[in-house]
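Below, each value reflects all heavy atoms present in this structure, side chains not excepted, and no hydrogens, waters or symmetry copies.
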Amino acid sequence: MKRSLLFILIFISVIATAQTKKKPTNFNKNAGKKDKFLEKQWWLGFKAGVNLTEANPTSRYTVITPTNYASALNDKVYDNFNKLGSQASLEATFYYKGFSFSFQPTYRHIRFTYSNEFNWDNPENATERLLLNYNHEQKIDYADFPLAVKYDLTGSRLRPYVQLGVFYSRLINANKSVKVSGQDFASGGTNEFSNEPVIVGAKDLFNKSYWGLTGGIGLNYNLGNVRLILDVSYKLGMSNITNTENRFGNDRLSGIGDVQDDLKINNIVISTGVLFPMRFLSNSFKTLDR
């Protein structure tokens with residue numbers, strides 16, 4: 001009887017020991033499944049922010065050509081990165097082992113300004129002179145369709161990343177404002193004046209589309225099952241935005257001496273937003289926890 005009882009106790013001890021050894025194996029197996037699950041993820045969300053624009057003339061044009069001084073003195077002076085624009089984006093991103101492949105359709109509103117001046121004088125009387133100053137503000141709306149590749153520099157909760165991509169932009173609308181002011185010296189004194197701005201629709205003065213390259217840096221912060229974004233990028237325009245066939249097509253602008261240069265535009269874009277994962281785990285295990 002004692003031997004039988006001893007045998008039963010030994011048998012129970014062996015079974016208990018075997019079960020105890022299997023638990024870490026099952027735990028590691030589950031952890032491995034979670035790690036494998038985290039290797040890829042779909043994210044969907046939105047972001048918005050501000051932008052600054054640089055306009056680079058590749059060829060210059062004018063309506064008025066002076067005969068008594070160099071025409072270069074009438075060239076437009078572009079005031080770059082001085083007017084805030086805005087943008088709003090949807091973002092769909094596929095993440096795989098540190099790399100993210102992202103499509104971000106965007107509505108983008110840009111603004112830039114430039115100025116130029118014309119000077120008339122009487123060759124027979126130097127005191128008779130007229131100076132005109134033109135201040136222009138251009139507002140353009142685009143629908144952007146960028147494709148970008150991102151790479152996470154770390155795998156922690158705070159993840160800095162770099163990104164490169166290409167974008168195609170479709171023109172939605174454009175408006176232009178021109179304010180004319182000047183000084184009239186012909187009356188024997190100095191008479192300063194300023195006219196009301198001329199505001200016109202300028203959509204026909206621009207190409208229907210253009211394309212460019214984009215690159216930038218950013219930060220992702222994983223807050224539970226939500227990802228917060230801070231993104232800074234630079235858009236490099238690669239094609240002319242001006243419609244060369246309609247360059248002189250706006251009579252009101254041509255009548256006050258304004259005509260569009262050939263332009264490429266660049267943008268500094270700053271955005272913040274939030275992304276939501278499309279593949280959820282249980283409440284006890286967040287999408288990006290380790």
Side-chain angles (χ1 to χ4, degrees), residues 43-61 76 78-94 99-114 136-151 161-176 201-218 229 231-250 259-273 275:
W43 296 91
L44 185 64
F46 60 89
K47 60 184 181 180
V50 297
N51 64 72
L52 295 167
T53 301
E54 176 187 37
N56 290 323
T58 56
S59 296
R60 295 180 179 271
Y61 294 85
K76 306 174 185 69
Y78 289 87
D79 306 311
N80 293 320
F81 302 124
N82 74 324
K83 291 289 184 178
L84 277 179
S86 58
Q87 72 279 335
S89 306
L90 295 176
E91 180 171 339
T93 296
F94 176 70
F99 288 92
S100 297
F101 305 89
S102 184
F103 177 56
Q104 304 175 25
T106 301
Y107 172 83
R108 177 167 52 105
H109 174 73
I110 67 171
R111 301 167 62 199
F112 62 89
T113 60
Y114 60 88
H136 311 255
E137 181 175 359
Q138 186 72 67
K139 300 178 181 179
I140 314 176
D141 300 323
Y142 284 106
D144 297 338
F145 302 95
L147 291 172
V149 178
K150 304 179 184 179
Y151 179 70
Y161 64 84
V162 294
Q163 63 178 343
L164 292 173
V166 61
F167 69 91
Y168 171 82
S169 294
R170 191 76 180 173
L171 178 67
I172 298 176
N173 195 26
N175 292 286
K176 191 167 191 174
K203 185 176 179 179
D204 291 342
L205 300 181
F206 295 92
N207 285 326
K208 293 181 179 180
S209 62
Y210 82 103
W211 73 280
L213 304 175
T214 182
I217 58 176
I229 309 169
D231 186 280
V232 180
S233 61
Y234 185 79
K235 289 180 176 290
L236 178 66
M238 298 299 293
S239 59
N240 183 18
I241 67 169
T242 299
N243 187 329
T244 57
E245 295 181 358
N246 293 340
R247 191 188 308 278
F248 300 93
N250 192 298
V259 65
Q260 195 81 9
D261 292 337
D262 287 346
L263 295 174
K264 292 182 179 180
I265 56 173
N266 306 320
N267 291 104
I268 296 174
V269 180
I270 303 172
S271 297
T272 60
L275 296 177

For this session: Take D204 and N243 through the side chain to side chain contact (heavy atoms under 4.5 Å, CB included) test and state the conclusion after the steps.
Result: CA-CA 7 Å; D204 291 342; N243 187 329; 6.0 Å; no
For this session: For side chain to side chain contact (heavy atoms under 4.5 Å, CB included), just list the numbers for L171 and Y142, CA-CA rounded to whole Å, side-chain angles, deciding distance to a tenth of an Å, and then say yes or no.
Result: CA-CA 5 Å; L171 178 67; Y142 284 106; 4.0 Å; yes
For this session: Dump the intermediate steps for side chain to side chain contact (heavy atoms under 4.5 Å, CB included) on K208 and R170, then the final yes or no.
Result: CA-CA 6 Å; K208 293 181 179 180; R170 191 76 180 173; 4.1 Å; yes
Exercise. So R108 and K235, side chain to side chain contact (heavy atoms under 4.5 Å, CB included) or not? Walk me through it.
Worked result: CA-CA 12 Å; R108 177 167 52 105; K235 289 180 176 290; 4.2 Å; yes
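The distance from the CZ atom of F167 to the CG atom of L213 is 7.5 Å, given to the nearest 0.5 Å. Here the straight-line distance linking atom OH of Y78 with atom CG of D261 works out to 3.5 Å at 0.5 Å rounding. Interatomic distance, NE2 of H109 versus CD1 of I140, reported as 9.5 Å (0.5 Å rounding). Expressed to the nearest 0.5 Å, how far CG of N51 lies from OG of S86 amounts to 6.5 Å. Atom OG1 of T106 and atom CZ of F46 lie 13.5 Å apart (nearest 0.5 Å). Note that CG of L263 is 11.5 Å distant from OG1 of T53, once rounded to the nearest 0.5 Å.
Distance alone, capped at 3.5 Å, places no donor-acceptor pair between the R111 side chain and the G85 backbone. Under a 3.5 Å cut-off, the side chain of D144 and the backbone N or O of S169 do not form any donor-acceptor pair. Between the side chain of R247 and the backbone N or O of V259 there is no donor-acceptor pair closer than 3.5 Å. No donor-acceptor pair under 3.5 Å is formed between the side chain of N173 and the backbone N or O of K203. With hydrogens and angles disregarded, a donor-acceptor distance shorter than 3.5 Å links the side chain of N207 to the backbone of T242. Proximity of a side-chain donor or acceptor of Q104 to a complementary backbone N or O of A92 within less than 3.5 Å is not detected. Checked by atom type and distance alone, the side chain of S239 pairs as donor or acceptor with a backbone atom of W211 at under 3.5 Å. N246 places no side-chain N or O within donor-acceptor distance of the main-chain N or O of F206, the cut-off being under 3.5 Å.
Inspection of the Y161 and D231 side chains reveals an N or O donor paired with an N or O acceptor under 3.5 Å. There is a side-chain donor-acceptor pair under 3.5 Å between Q87 and S271. Side-chain contact, T58 with N240: no donor N or O sits under 3.5 Å from an acceptor N or O.
Taking the ring centroids of F248 and Y61, they lie at or beyond the 6.0 Å cut-off. Checked against the 6.0 Å centroid criterion, the rings of Y151 and F99 qualify as a close aromatic pair.
Sorted by first and then second residue, the pairs that involve residues 82-91 and meet salt bridge (Lys or Arg N to Asp or Glu O under 4.0 Å), not counting sequence neighbours, are K47-E91, E91-K150.
By the 6.0 Å contact criterion, CD1 on I268 is enclosed, its count of non-hydrogen atoms from other residues, nucleotides or ligands being greater than 12.
Contact between T93 and S102 at its shortest, heavy atoms only, is OG1-OG, 3.0 Å. Of all heavy-atom pairs between S233 and T214, the closest is CB-OG1, 4.0 Å. The shortest heavy-atom contact between A202 and Q138 is CB-NE2, 4.1 Å. Of all the heavy atoms in A148 and Q163, the pair that sits closest is CB-OE1, 4.1 Å.
Between V149 and L164 there is no side-chain heavy-atom pair separated by less than 4.5 Å. Taking 4.5 Å as the limit, some side-chain heavy atom of K176 sits within range of a side-chain heavy atom of Q260.
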